[in-house]
2 protein chains.
Amino acid sequence: MTDGPSYKERKVITIGVVSELTGLTERQIRYYEERKLIFPERSPKGNRKYSFADVEQLIEIANKREEGVQTFEIRQEMLKSKRAEDRKFRKELLRGEINARFGIQKD
Amino acid sequence: MTDGPSYKERKVITIGVVSELTGLTERQIRYYEERKLIFPERSPKGNRKYSFADVEQLIEIANKREEGVQTFEIRQEMLKSKRAEDRKFRKELLRGEINARFGIQKD
DNA sequence: CGTGTAAGGAATTCTGACACG
DNA sequence: CGTGTAAGGAATTCTGACACG
């Protein structure tokens, strides 16, 4: 019935709204993009668009920054956990393929 | 872990994005508000903000309009189904209260 | 009734740069 | 390094109105 998880990922929020939602200045938000911590899409005319997932990511970044963590380190951590997620995903994908071929027999 | 259903209801999308998402013109979107078919919030400076739920509502409105249904009739239908939902909600609420008092005994 | 459009103004967003530290 | 700010321009949004039908 609903479109499910897509709401969280759809990039539809403008930078001004993101600023309100996160408490960060637009300057900060753009800077974190420059440091590759966040990846907004662009509208046809070049305006940044963010998702709710991006907003949450920015809130985490803000927390880290308050603890004195530098953007470089935050990026390292993000890449690390992304690799872990990728491994997990590939593992599940593989399990699915094995099941499809050798698991439940359909014919 | 996630914030759950709130993504769908949060009013964070500007009218330009809603226009892209629905294929409606801004004029149309504002007119449907005037006809009380849709209820955006306003930012501090007066800009309209819509939710994903609003976007879906607008898509339904657009479909109805294509079928030649007038805004007045669409509004009637909306009010009708809203009343039905309210009845259902009150019913469930009542059931919950009854269970809380006479159902599962906690002491 | 439903939608297009031109009008004028106000708010938004963008980029590149200088500043401080 | 991380963030503020002034700068100038382009795109966005708003309202109220006239138009057509």
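Lettering follows sequence order; numbering is per chain, from 1.
Considering only side-chain N and O atoms, T14(A) lies under 4.0 angstrom from the phosphate OP1 or OP2 of dT13(C). Within the 4.0 Å cut-off from OP1 or OP2 of dT3(C), at least one side-chain nitrogen or oxygen of Y32(B) is found. The side chain of R48(A) contributes no N or O atom lying less than 4.0 Å from OP1 or OP2 of dT13(C). Not one side-chain nitrogen or oxygen of Y31(A) sits closer than 4.0 Å to the OP1 or OP2 atom of dT3(D).
Remark on DNA chain C: of its neighbouring residues R42(A) and T25(B), the 5'-side contact belongs to T25(B), judged by nearest-heavy-atom nucleotide. Residue order along DNA chain D, read from the 5' end via each residue's closest nucleotide, puts R35(A) first among V17(B) and R35(A).
Pairing partner, dG8(D): dC14(C), with both Watson-Crick or wobble hydrogen-bond distances short of 3.5 Å. The base-pairing partner of dA19(C), taking Watson-Crick or G-U wobble contacts with both distances under 3.5 Å, is dT3(D).
Distance, E41(A) CD to dC14(C) C1': 18 Å, rounded to whole Å. Computed from coordinates, the K45(B) NZ to dT12(D) C1' distance equals 14 Å when rounded to whole Å. We find that CZ of R30(A) is positioned 5 Å from P of dC14(C), with the value rounded to whole Å. Residue I61(B) contributes atom CD1, which lies 11 Å from atom P of dT3(C) at whole-angstrom precision. For E26(B) and dT12(C), the CD to C1' distance is 13 Å, given to the nearest whole Å. Summarising the geometry, the separation between CD1 on I29(A) and C1' on dC14(C) is reported as 14 Å, rounded to the nearest angstrom. If you measure from atom CD of E33(A) to atom C1' of dT3(D), you get 16 Å, rounded to the nearest angstrom. Between the CG atom of L37(A) and the P atom of dT3(D) there is a distance of 10 Å, given to the nearest Å.
We find that E77(B) and K64(B) are joined by a salt bridge, their nearest charged nitrogen and carboxylate oxygen being less than 4.0 Å apart. The residues K8(A) and E56(A) are annotated as salt-bridged, a charged nitrogen and a carboxylate oxygen being separated by less than 4.0 angstrom.
Side chain R27(A) to base dT5(D): a donor-acceptor pair is found below 3.5 Å.
Using modelled atom types, no side-chain atom of K91(A) and backbone atom of D86(A) make a donor-acceptor pair closer than 3.5 Å. A donor-acceptor contact shorter than 3.5 Å is absent between the side chain of S19(B) and the backbone of I15(B).
A heavy-atom distance below 4.0 Å to DNA chain C is reached by these residues of residues 62-78 of chain B, ordered by number: R65(B), Q70(B), T71(B).
Exactly one of E26(A), E34(A), E33(A) qualifies for a salt bridge (Lys or Arg N to Asp or Glu O under 4.0 Å) with R30(A). That residue is E26(A). Of the residues listed (V17(A), T14(A), V12(A), I29(A)), the one engaging Y50(A) in a side chain to side chain contact (heavy atoms under 4.5 Å, CB included) is I29(A), and it is the only one.
Atom CZ of residue R75(A) and atom NZ of residue K36(A) lie 6.5 Å apart, to the nearest 0.5 angstrom.
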